[in-house]
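Worksheet: the structure to be examined is printed underneath.
Order of the sequence lines fixes the chain letters, A, B, ..., with proteins taken first and strands second; residue numbering starts at 1 for each chain.
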There are 2 protein chains.
Amino acid sequence: MPSDPVLNSPEGRQSILRARAAAGAPLPMAALAEEFGVSVDTIRRDLLALEAEGAIQRVRGGALPVMQPVEPLVTRMRTSDAAAHCIASRALDLIEDGMVVMLDGGTTIARLAAKLPPLPHALIITPAPAVAVATLAAGIETVLIGGQMSALGGMAVGQRACEAVSATAADLCLLGACGLEPTFGLSADRLDEAAVKAAMGAASSRTAVLTDRSKLGRRARHRVVPCAKLDVLVTDASSEETAAFHEVGLEIRCA
Amino acid sequence: MPSDPVLNSPEGRQSILRARAAAGAPLPMAALAEEFGVSVDTIRRDLLALEAEGAIQRVRGGALPVMQPVEPLVTRMRTSDAAAHCIASRALDLIEDGMVVMLDGGTTIARLAAKLPPLPHALIITPAPAVAVATLAAGIETVLIGGQMSALGGMAVGQRACEAVSATAADLCLLGACGLEPTFGLSADRLDEAAVKAAMGAASSRTAVLTDRSKLGRRARHRVVPCAKLDVLVTDASSEETAAFHEVGLEIRCA
DNA sequence: AGGCATGTTGCAAGTTCTTGCAGGATGTTG
DNA sequence: CAACATCCTGCAAGAACTTGCAACATGCCT
């Protein structure tokens with residue numbers, strides 16, 4: 001049963017699929033069928049149409065984007081990390097149309113950006129070009145934060161990026177993490193990226209962290225924000241692993 | 001049975017629908033029929049009218065805004081344009097290691113960015129996220145210009161982008177073009193993109209235009225810079241077609 | 001006022017499109 | 001080689017679309 005009567009026309013679905021393919025996301029038929037609430041046959045026909053126009057290449061079980069956007073992020077994203085996928089999907093619930101949302105860089109956030117539906121009244125603010133391309137492709141108004149590009153994280157950093165972030169106000173901020181620990185808080189491996197992430201958190205009224213269980217209990221080199229400044233933790237970890245974070249005030253969303 | 005006597009005229013409904021489409025919202029017929037208190041046939045006729053004027057695209061069950069959230073860059077780059085390829089390759093000669101180079105958005109420039117070799121001492125400055133990702137992947141130091149993203153051009157535009165560009169200085173600037181004409185100069189279809197391109201040209205000591213023959217002699221809506229401010233034209237056109245540009249002082253590089 | 005033209009709306013019959021399912025073919029995995 | 005999943009094809013039910021038409025409201029002219 002179609003959740004949205006319009007998005008679930010062939011054109012609507014295919015337009016969404018096209019955008020995801022352009023963002024470099026793989027298109028598994030079974031998952032898409034469940035997501036859209038249609039049978040795999042219908043998705044198969046959609047992929048057939050998209051393949052005919054050259055947007056994707058069908059493979060067994062689904063399809064792959066025919067044009068790989070770019071190396072650094074995409075190569076990491078190809079290693080299809082089931083956990084990151086689940087976390088990204090779970091975090092989608094946090095975003096509602098009409099919100100102003102800050103999106104960090106990183107693979108988890110990039111996955112989330114690729115999954116975003118069209119949000120006609122939302123605004124995305126991000127220092128990560130890969131994220132900006134994806135949200136723009138989804139038809140969401142996007143503001144790009146400029147600055148020196150960090151080779152590792154694939155996001156803009158530096159004083160100009162921090163200033164640009166500080167000059168904005170958002171309802172929600174989604175951050176990735178190199179490490180998250182109850183007492184030390186959210187941490188990142190690179191100082192310049194940590195500074196931008198911190199500015200993003202400070203400019204938002206609510207902050208959520210998206211990270212898989214491997215980062216929990218770790219301390220990366222530079223603290224971004226203490227846990228007191230965080231509101232939500234979206235992760236695939238068990239409730240035992242997240243208990244300590246719940247005690248310091250975080251709302252836990254388990255993927 | 002009209003619930004609101006004023007709003008429920010064809011013009012009234014259609015102006016509401018037009019506004020929603022412009023905001024990017026999908027238009028499901030059944031829901032709209034109930035909302036306005038009319039039959040789906042009436043809504044269908046409204047959508048028919050809106051489609052005739054090009055505001056929406058009708059799909060089964062309703063309509064989608066025609067302001068296609070289609071990622072302009074990636075889809076267009078899919079159409080492997082041999083001319084653009086040659087032009088991009090030819091323009092590579094202009095770039096030497098150690099330079100500070102500004103790169104515009106657009107498909108031609110994006111192709112060039114993908115072809116760039118590692119330049120350990122160069123610096124790329126660009127408002128186009130797709131370009132930034134490519135140059136970063138090539139291992140080139142990159143500065144991203146931030147700002148509101150233009151859905152069509154896939155680049156940052158607006159006051160902040162222009163200011164950020166003006167605050168930098170480059171040796172070379174490579175611009176794409178929607179139109180190039182000897183007297184009118186370089187022109188673009190969108191005003192906000194034209195402003196950024198103009199700022200890029202002004203911030204660089206040398207400016208080159210990359211464009212295929214189809215754009216020569218065309219005038220797009222907004223002038224970016226007059227030909228007097230341009231230095232090099234890289235194109236696939238014949239020498240007859242480029243003669244007029246040579247006369248106004250441009251160096252011609254034929255692909 | 002009456003009559004006519006125009007425009008809008010809802011309804012019905014016929015057509016087209018989409019979708020899910022069944023059956024057989026094909027490819028993959030152990 | 002066998003078991004299994006995925007694929008293609010054809011088909012039928014149902015939803016949505018198109019077309020034509022009649023009813024009703026509105027405005028204009030005589």
Side-chain angles (χ1 to χ4, degrees), chain A residues 1-21 25-66 78-82 85-86 117-118 139, chain B residues 1-21 24-66 68-70:
Chain A
M1 192 65 80
S3 53
D4 183 320
V6 173
L7 260 39
N8 252 337
S9 63
E11 291 87 349
R13 283 191 309 270
Q14 288 168 28
S15 144
I16 294 177
L17 264 29
R18 222 190 318 273
R20 293 193 187 175
L27 304 175
M29 276 199 299
L32 293 171
E34 187 179 357
E35 174 182 348
F36 287 107
V38 297
S39 76
V40 290
D41 299 72
T42 301
I43 298 292
R44 192 197 316 287
R45 279 184 267 248
D46 288 334
L47 298 184
L48 228 23
L50 256 42
E51 186 184 41
E53 67 181 62
I56 60 171
Q57 182 197 350
R58 269 167 7 110
V59 299
R60 196 176 181 78
L64 294 174
V66 74
R78 272 200 195 307
T79 70
S80 78
D81 182 348
H85 242 89
C86 295
Chain B
M1 190 71 77
S3 55
D4 184 324
V6 178
L7 286 180
N8 255 330
S9 64
E11 293 82 5
R13 283 191 309 270
Q14 288 171 27
S15 92
I16 294 178
L17 298 179
R18 218 191 320 274
R20 293 193 189 176
L27 304 175
M29 276 200 299
L32 292 171
E34 188 179 356
E35 174 183 349
F36 288 109
V38 297
S39 77
V40 291
D41 299 73
T42 301
I43 299 292
R44 194 196 314 286
R45 279 183 268 250
D46 289 334
L47 298 184
L48 227 23
L50 258 41
E51 186 184 43
E53 67 183 59
I56 60 171
Q57 181 201 352
R58 261 158 25 99
V59 302
R60 195 179 182 80
L64 296 173
V66 76
Q68 289 289 12
V70 148

Rounded to the nearest 0.5 Å, what separation is found between the [atom1] atom of [X] and the [atom2] atom of [Y]?
X: B:L50; Y: B:R58; atom1: CG; atom2: CZ; answer: 11.0 Å
X: B:F36; Y: B:L17; atom1: CZ; atom2: CG; answer: 5.0 Å
X: B:I56; Y: B:L64; atom1: CD1; atom2: CG; answer: 9.0 Å

Is atom CD of B:E51 surrounded by more than 12 heavy atoms (other residues, nucleotides or ligands) closer than 6.0 Å? yes
Neighbour count above 12 (heavy atom, 6.0 Å) for A:Q57 CD: no
Only pairs under 3.5 Å count here: list side-chain donor-acceptor contacts from residues 42-49 of chain A, not counting sequence neighbours, and write none if there are none.
{"residue": "A:D46", "atom": "OD1", "partner": "A:R13", "partner atom": "NH2", "Å": "3.4"}
{"residue": "A:D46", "atom": "OD1", "partner": "A:Q14", "partner atom": "NE2", "Å": "3.0"}
{"residue": "A:D46", "atom": "OD2", "partner": "A:R13", "partner atom": "NE", "Å": "2.5"}
{"residue": "A:D46", "atom": "OD2", "partner": "A:R13", "partner atom": "NH2", "Å": "3.3"}

Give the rounded distance in Å between these two atoms: [atom1] of [X] and [atom2] of [N].
X: B:R13; N: C:dG7; atom1: CZ; atom2: P; answer: 16 Å
X: A:D41; N: C:dC17; atom1: CG; atom2: P; answer: 20 Å
X: B:L32; N: C:dT9; atom1: CG; atom2: P; answer: 14 Å
X: B:R45; N: D:dG20; atom1: CZ; atom2: P; answer: 13 Å
X: A:I43; N: C:dC21; atom1: CD1; atom2: P; answer: 14 Å
X: A:L47; N: D:dC8; atom1: CG; atom2: P; answer: 11 Å
X: A:D46; N: D:dC7; atom1: CG; atom2: P; answer: 14 Å

Which pair of heavy atoms, one from B:P65 and one from B:A21, lies closest together, and at what distance?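 B:P65 and B:A21 have their closest heavy atoms at CB-O, 3.2 Å.
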So which heavy atom on B:S39 is nearest to which on B:A33, and how close?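 Closest heavy-atom pair between B:S39 and B:A33: C-CB, 3.9 Å.
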Rounding to 10°, can you tell me the angle the first-five-pair axis of the helix from C:dA1-D:dT30 to C:dG30-D:dC1 makes with its last-five-pair axis? 30°
List the steps and the verdict of side chain to side chain contact (heavy atoms under 4.5 Å, CB included) for B:E35 and B:I16. CA-CA 12 Å; B:E35 174 183 349; B:I16 294 178; 5.8 Å; no
List every contact pair, protein side and nucleotides 15-17 of chain D side both N or O, where the distance is under 3.5 Å.
{"residue": "D:dA15", "atom": "N3", "partner": "B:R60", "partner atom": "NH2", "Å": "2.7"}
{"residue": "D:dA16", "atom": "O4'", "partner": "B:R60", "partner atom": "NH2", "Å": "2.9"}
{"residue": "D:dC17", "atom": "OP1", "partner": "B:G61", "partner atom": "N", "Å": "2.8"}
{"residue": "D:dC17", "atom": "OP2", "partner": "B:R44", "partner atom": "NH1", "Å": "2.6"}
{"residue": "D:dC17", "atom": "O5'", "partner": "B:R44", "partner atom": "NH1", "Å": "3.1"}

May I ask you to verify if any side-chain N or O of B:T42 is less than 4.0 angstrom from the OP1 or OP2 atom of C:dT8?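 Checking B:T42 against C:dT8: no side-chain N or O falls below 4.0 Å of OP1 or OP2.
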